[in-house]
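Here is how names work: the chains are called A, B, and so on, in the same order as the sequence lines, proteins then strands, and each is numbered from 1. Since this is a predicted model, take the numbers as computed values, not measurements.
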There are 2 protein chains.
Amino acid sequence: MDHKTLYSYIEPVIALTDDELALLMSCAKMMQLKKGEQLLKEGEVCSAFYLVETGYLRTYYDRDSVAINMNFTFEGDFTANLKSYRDRKPSETIIEAGEDSIIWIFNLREIAEQYDAYPQVSRFIRRLAITQLLTAQEHSALIKLHTPAERYRHIEKNSPQLLQRVSLSQLASYLGVTRETLSRVRAKNN
Amino acid sequence: MDHKTLYSYIEPVIALTDDELALLMSCAKMMQLKKGEQLLKEGEVCSAFYLVETGYLRTYYDRDSVAINMNFTFEGDFTANLKSYRDRKPSETIIEAGEDSIIWIFNLREIAEQYDAYPQVSRFIRRLAITQLLTAQEHSALIKLHTPAERYRHIEKNSPQLLQRVSLSQLASYLGVTRETLSRVRAKNN
DNA sequence: ACACACCTGTGACCAAAATCACAATCGTAT
DNA sequence: ATACGATTGTGATTTTGGTCACAGGTGTGT
């Protein structure tokens, strides 16, 4: 993939000049992952943002070997562990491929000293962060305001691709219920 | 309150020059609120960040006249409705005083065109946003990973002032349980 | 086609929390 | 001190979702 194609993922977030794009590219590398391979392990410090080109990434807590999913990131979207990134603290979550995936890793820590000279790059990162975190806020509201059946219908309506690509068991922990409950919710909804 | 005192709230977030501080002050005004008065109403577009000088602010959804609390902001902390602010969309949440309060309103929209000349101010705002949103992410994890009793103990340990200043009923919806359940949790914990 | 691993559906049962109802307590203003 | 409203505690009951157990499906690789 060349700069031009990569820019097609960045441009919807912010317009960049060639110089700015070059700076970003200087810290980017591509990686192929098999389903289940981990991009960020528990205890590692996150120093990059990840862009999904194909496949998807799953962010989850490992509670006694049971995955509690917090986020799914699909083609064209960015993710990271912002808390670990900002505070340079070990990550409590794992980010791994939910399918065989092609991922772009932007090691932003490498270029952090150059932000001042490239304010648009700084703004780009800020927008990624805000978008990611608004998503978390909405997810929190979804769980606090709605019943399991309502949560499922919300996903059906607003993120139907989740239902296509994520297994019911994975979706269950994302919605804060067991897989049995979600299976029954789905049975009644038809 | 003069600039110097106000700066004591800003400085822990970021160091600013006199010029930068002056820009921020140019969009700031102080407001006194009685308990229960609303700072941001449902349906309004949020165009400011709020700093609590005394008292506290409560952010909640009104579901059929029942408050579902999402956040409490105490002395020295900032809050806003970032989603409404960024997208210029009507707020789905209400921000109101939980006690008689003194609040500083920073109408950041007024000074947005001047950010480019004051990158530190821009960075200041970004930090506020990230902090606020990491809080939301942690809250989401608290509810998804823990039982009601564990959530209560987490608050006891990590945010004891919530227990001092927020009524049990208000805290209950924040923790995603009914007030009765929280009352029983508390009874057993002693 | 077969075995094997993984995922989903479903019933029986159990536990936890919600709901409903009302009593007790606390706080504030008069 | 009293009255009023708001808040909290608590019992009885219902509902929901979790847990356990197992059957049926699906998909992959050999």
Side-chain angles (χ1 to χ4, degrees), chain A residues 34-37 55-56 58 60-69 72 96-101 142-156 160-190, chain B residues 34-37 55-56 58 60-69 72 96-101 142-156 160-190:
Chain A
K34 291 274 178 205
K35 175 175 176 171
E37 287 184 327
Y56 73 86
R58 184 162 74 85
Y60 65 97
Y61 286 90
D62 180 330
R63 297 281 288 176
D64 312 315
S65 302
V66 178
I68 310 289
N69 294 307
F72 299 96
E96 75 172 44
E99 300 171 350
D100 293 355
S101 300
L142 177 65
I143 287 185
K144 262 169 71 169
L145 297 173
H146 301 287
T147 65
E150 289 168 341
R151 293 174 213 165
Y152 181 75
R153 283 195 294 271
H154 185 271
I155 296 299
E156 270 186 321
Q161 78 164 335
L162 263 183
L163 303 181
Q164 306 307 316
R165 299 181 59 184
V166 172
S167 78
L168 176 139
S169 301
Q170 301 288 3
L171 185 62
S173 72
Y174 179 68
L175 295 181
V177 297
T178 61
R179 56 169 202 80
E180 292 95 331
T181 296
L182 193 56
S183 173
R184 285 169 184 132
V185 162
R186 171 194 274 177
K188 284 193 185 168
N189 258 340
N190 295 339
Chain B
K34 291 273 177 206
K35 174 175 177 172
E37 287 186 326
Y56 73 86
R58 183 162 74 85
Y60 64 98
Y61 286 89
D62 181 330
R63 298 281 288 175
D64 313 315
S65 302
V66 177
I68 310 289
N69 294 305
F72 300 95
E96 74 172 43
E99 302 171 348
D100 293 354
S101 300
L142 177 65
I143 287 185
K144 263 168 70 167
L145 297 173
H146 300 287
T147 64
E150 289 168 341
R151 291 174 215 166
Y152 181 74
R153 283 195 293 270
H154 185 273
I155 296 299
E156 270 185 322
Q161 77 164 334
L162 264 183
L163 303 182
Q164 305 308 316
R165 299 180 59 183
V166 172
S167 78
L168 176 141
S169 301
Q170 301 288 3
L171 185 62
S173 73
Y174 179 68
L175 295 181
V177 298
T178 61
R179 57 171 200 81
E180 291 95 333
T181 296
L182 193 56
S183 172
R184 284 168 183 132
V185 162
R186 171 194 275 179
K188 284 193 186 167
N189 258 340
N190 297 339

Seminar exercise, completed: Atom CG of A:Leu171 and atom P of C:dG9 are separated, to the nearest Å, by 12 Å

Exercise. OP1 or OP2 of D:dG18 less than 4.0 angstrom from a side-chain nitrogen or oxygen of A:Thr181, does that happen here?
Worked result: yes

Exercise. For B:Glu99 and C:dG27, what is the distance between atoms CD and P respectively, to the nearest whole Å?
Worked result: 14 Å

Exercise. Phosphate oxygens OP1/OP2 of D:dT7: is one of them under 4.0 Å from a side-chain N or O of B:Arg179?
Worked result: no

Exercise. Under 30°, 30 to 60°, or over 60°: which ring-plane class applies to B:His154 and B:His146, parallel, tilted or perpendicular?
Worked result: parallel

For this session: Establish whether the base of D:dG11 is bridged to the side chain of B:Arg184 by a donor-acceptor pair shorter than 3.5 Å.
Result: yes

Exercise. Do you see a donor-acceptor pair shorter than 3.5 Å between the side chains of B:Tyr60 and B:Glu96?
Worked result: yes

For this session: Measure from CG on B:Asn69 to P on D:dT7 and round the result to the nearest Å.
Result: 12 Å

For this session: Provide, to the nearest angstrom, the distance between the CG atom belonging to B:Leu168 and the P atom belonging to D:dT7.
Result: 11 Å

Exercise. To the nearest Å, how far apart are A:Leu182 CG and D:dT19 C1'?
Worked result: 16 Å

Problem set entry | Residue A:Arg186, side-chain heavy atoms: nucleotide from D:dT8, C:dT8, D:dC20 that is nearest | C:dT8

Exercise. Nearest-Å distance, NZ (B:Lys188) to P (D:dT10)?
Worked result: 12 Å

For this session: Specify the separation, in whole Å, of atom CG of A:Leu175 and atom P of D:dT16.
Result: 18 Å

For this session: Give a yes or no on whether the backbone of B:Asn69 and the side-chain of A:Lys144 come within a donor-acceptor separation of less than 3.5 Å.
Result: yes

Seminar exercise, completed: Heavy atoms of B:Tyr174 and B:Ile155 approach each other most closely as CE2-CD1, 4.2 Å

Problem set entry | A:Tyr152 OH - C:dT8 C1' separation (whole Å) | 12 Å

Exercise. Is any side-chain N or O of B:Thr178 closer than 4.0 Å to OP1 or OP2 of C:dA17?
Worked result: no

Exercise. What heavy-atom pair brings B:Gly176 and B:Ile143 nearest, and what distance separates the two atoms?
Worked result: N-CD1, 4.4 Å

Exercise. Does a nitrogen or oxygen in the side chain of A:Ser167 sit under 4.0 Å from OP1 or OP2 of C:dC6?
Worked result: no

Problem set entry | C:dT8 OP1/OP2 closer than 4.0 Å to side-chain N/O of A:Ser169 | yes

